[in-house]
Novice: 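One structure follows; several queries about it will come next.
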Amino acid sequence: MDRKLSKQSCSSDKGEPHVSRRDAIKGGTMFAAALMTGYGGGVIATASAATAANADPYPFPDLSGKTITFVDYGGAGARAMEEAYTRPFAEGTKVTILHDAPFEPAKVKAQVEANQVTWDVVNGDPLTSISFCHDGLLEPLDPSLLEGIDPKYHSGTCVVPVDTYASVLAYDSSKFADNPPASWADYFDTKKYPGKRGMWTAIYLNQLEIALLGDGVAPADLYPLDIDRAIAKLDSIKGDIVFYDSLSQSQEQMVAQSVVMSNAAAQRARAATDNGAPFKPVWNQAVLAWECYGIPKGSPNKEAAVELLKYMATPEAQSRVAGLLGMGSTSKNPVPVANLSANQQLWLPSTENTKDAVTMNPEWWATHYDEAVAKFTAWIAG
């Protein structure tokens, strides 16, 4: 296994639903990778990791002489994870942390099945987490690791949910300043709000959820998703949709003002506004998703890896990711993020912004992913 030359040392369930294996893992991780590695705004703030570690109230254990191989998606997201999590943890515990990228589900499976595990902590989305736990590819974790995590983010017994991101309605405030849209129903109202709408050709920005919300389904009644009803609602404005094939294209659409609204990743929309796009978010009915971290079954450094997951679950550590990369916290009691600009605060999935948001249901998606993707893809092509 090749390892990136990034080294840190302080010395300088079986009861879960069956998952469609073929595409569900690949699909979820594709979105997380697209969000994290290509984040157009890059790391949006900087902080001294040494200062953060010294000021951190966490009771770091002494892990001198131990090593953890930490795997994520690379890019700006990986730099933020290092700044927020692994470097302060290495400095506080004297552990050595090696970084590897990108995370690939097939490699986890191959390592576990060959009993040659070299990865200790791996990044993933809730669908991957549920699948891996079901298949015995991740170490079961003590439930105490989740005590400080908001239950709505729980994703099985093998991972710690860490950072949140959101699908939001982003709108051109120069077009609708006097009467801005307020919900997904307005995204679908092309008479009241004329103009083109941006939408990803991949299903990973909760297009089925937003279609049902736009069709009047109450958030509490979203799941199980009525796929056919959602597709019919999407089809009602297909002529006004400008599809984009990547998250970077969604930013370009907003900067060019070739759309008046977009079904957008909040981080990407914020990056577009940094480049002059006059867009603002509608947080009402935004759909929240999140990242998870787990330990491959048979990790040679399980005990040290568990300690890192404990640290990543703390609101203090998570607040640094919010400041660095614009992601929200999964903590029951998140720590406010200091020194953010007004625009960063506007697009941050903070507790205040997401009080009327909807949480994605990974169990439903794990079970119905293939059907949903097949129907959505057929609609795109039709």
Novice: Taking the six-membered ring for Trp, are Y171 and F279 closer than 6.0 Å centroid to centroid?
Specialist: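 No; F279 has its ring centre 6.0 Å or more from that of Y171.
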Novice: Does the gap between the ring centers of Y58 and Y311 come in under 6.0 Å?
Specialist: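 Aromatic pair counts; centres sit under 6.0 Å.
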Novice: Tell me, do T93 and E307 make a side-chain contact under 4.5 Å, heavy atoms counted?
Specialist: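 They are not in contact (no side-chain heavy atoms under 4.5 Å apart), so the answer is no.
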Novice: Quick check on the 6.0 Å ring-centre criterion: do W184 and F188 meet it?
Specialist: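 No.
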Novice: Return yes if some donor-acceptor pair links the side-chain N/O of S319 with the main-chain N/O of E316 below 3.5 Å, else return no.
Specialist: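 Yes.
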Novice: L309 versus Y85: any side-chain heavy-atom pair under 4.5 Å?
Specialist: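 The answer is no; the side chains never approach within 4.5 Å.
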Novice: Do E371 and K375 sit within salt-bridge range, that is, some charged N less than 4.0 Å from a carboxylate O?
Specialist: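 A salt bridge links E371 with K375.
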Novice: So, for F376 and W200, which heavy atoms are closest and what is the spacing to 0.1 Å?
Specialist: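 Heavy atoms only, the tightest pair is CZ-O, 3.8 Å.
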Novice: Counting only N and O atoms by type, is there a donor-acceptor contact under 3.5 Å from the side chain of D72 to the main-chain atoms of M81?
Specialist: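 Pair absent, no side-chain N/O of D72 close to backbone of M81.
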Novice: Under a 3.5 Å cutoff, is there a donor and acceptor pairing between the side chains of T330 and Q318?
Specialist: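 Side-chain D/A pair, T330 to Q318: present.
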Novice: Does any N or O in the side chain of D150 come within less than 3.5 Å of the main-chain N or O of S331, such that one atom is a donor and the other an acceptor?
Specialist: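 Such a contact is absent between D150 side chain and S331 backbone.
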Novice: Is there a side chain to side chain donor-acceptor pair (under 3.5 Å) between N343 and S341? Walk through the geometry before answering.
Specialist: CA-CA 5 Å; N343 194 47; S341 69; 5.6 Å; no
Novice: Taking the side chain as every heavy atom from C-beta outward, state whether P219 and L213 have any atom pair closer than 4.5 Å.
Specialist: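 Yes, their side chains come closer than 4.5 Å.
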Novice: Answer yes or no: is there a donor N or O on one side and an acceptor on the other, between the side chain of N301 and the main chain of T67, under 3.5 Å?
Specialist: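 Checking the backbone N and O of T67 against the side chain of N301, a donor-acceptor pair under 3.5 Å is found.
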Novice: Strictly distance-based, threshold 3.5 Å: is any side-chain N or O of R197 a donor or acceptor partner for the main-chain N or O of Y187?
Specialist: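 Side chain of R197 to backbone of Y187: a pair is present.
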Novice: Are the side chain of E363 and the backbone of G156 linked by a donor-acceptor contact shorter than 3.5 Å?
Specialist: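 A pair under 3.5 Å: no.
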Novice: Quick one, L288 with M360, criterion side-chain contact (heavy atoms from CB on, under 4.5 Å). Give me CA distance, side-chain angles, the key distance, then yes/no.
Specialist: CA-CA 6 Å; L288 297 175; M360 181 269 290; over 6 Å; no
Novice: Are any of the side-chain heavy atoms of V159 and F132 separated by less than 4.5 Å?
Specialist: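 They are not in side-chain contact.
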Novice: Strictly below 4.0 Å, N to O, side chains only: are R320 and E83 in salt-bridge contact?
Specialist: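 No salt bridge links R320 with E83.
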Novice: Closer than 4.0 angstrom, basic N to acidic O: yes or no for D215 and R229?
Specialist: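 Looking at D215 and R229, the cut-off is met.
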Novice: Heavy atoms, side chains only, cut-off 4.5 Å: are K297 and P140 in contact?
Specialist: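 Yes - at least one pair of side-chain heavy atoms lies under 4.5 Å apart.
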Novice: Is it the case that over 12 heavy atoms from other parts of the model lie below 6.0 angstrom from the CG atom of N179?
Specialist: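 Above 12, so yes.
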Novice: CD of Q116: more than 12 outside heavy atoms within 6.0 angstrom?
Specialist: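 No, not enclosed.
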Novice: For T359 and W290, what are the C-alpha separation, side-chain angles and deciding distance, and is it a side chain to side chain donor-acceptor pair (under 3.5 Å)?
Specialist: CA-CA 9 Å; T359 305; W290 55 96; over 6 Å; no
Novice: Taking the six-membered ring of W379 (Phe, Tyr or Trp), confirm whether the NZ or CZ of K238 is under 6.0 Å from its centre and within 45° of its axis.
Specialist: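 Positive - K238 is close enough to the ring of W379 and near enough to its axis.
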Novice: With distance as the sole test, does S236 use its side chain to make a donor-acceptor pair with the main-chain N or O of K233 at under 3.5 Å?
Specialist: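 Looks like yes, one N/O pair under 3.5 Å.
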Novice: Look only at the side chain of D120 and the backbone of T69, and say whether a donor-acceptor pair between them is shorter than 3.5 Å.
Specialist: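 Indeed, once roles are kept as given, a pair shorter than 3.5 Å links the two residues.
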Novice: Go through it in stages, so that I can follow the logic: the residues are S174 and D172, the test is side chain to side chain donor-acceptor pair (under 3.5 Å), and I'd like the CA-CA distance, side-chain angles, deciding distance and then a yes or no.
Specialist: CA-CA 5 Å; S174 70; D172 188 336; 2.5 Å; yes
Novice: Tell me whether N275 contacts the main-chain N or O of A271 through its side chain, where contact means a donor paired with an acceptor under 3.5 Å.
Specialist: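 At least one qualifying donor-acceptor pair exists.
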Novice: Would you call the rings of Y223 and W364 parallel, tilted or perpendicular if under 30° counts as parallel and over 60° as perpendicular?
Specialist: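 Y223 and W364: tilted rings.
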Novice: Drop me the distance from S173's OG to K280's NZ, to the nearest 0.5 angstrom.
Specialist: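 Nearest 0.5 Å value for the OG-NZ distance: 5.0 Å.
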Novice: For N284 and S183: C-alpha separation, side-chain torsions, deciding distance, then whether side chain to side chain donor-acceptor pair (under 3.5 Å) applies.
Specialist: CA-CA 6 Å; N284 179 38; S183 69; 4.9 Å; no
Novice: Any side-chain heavy-atom pair from D370 and V373 closer than 4.5 angstrom?
Specialist: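 Not in contact.
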Novice: Is the shortest side-chain heavy-atom distance between L145 and K310 below 4.5 Å?
Specialist: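 With C-beta onward as the side chain, the pair touches.
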Novice: Check whether D186 reaches the backbone of A182 with its side chain - one donor and one acceptor, N or O, closer than 3.5 Å.
Specialist: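 Side chain of D186 to backbone of A182, a donor-acceptor pair under 3.5 Å: yes, one is there.
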Novice: Does one side chain, of W119 or D100, offer a donor that lies under 3.5 Å from an acceptor on the other?
Specialist: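 Judged by distance alone, the side chains do pair up.
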Novice: Can you find a heavy atom in the side chain of E209 that is under 4.5 Å from one in the side chain of Q285?
Specialist: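 When only atoms from C-beta onward are counted, Q285 and E209 do not touch, as no gap falls below 4.5 Å.
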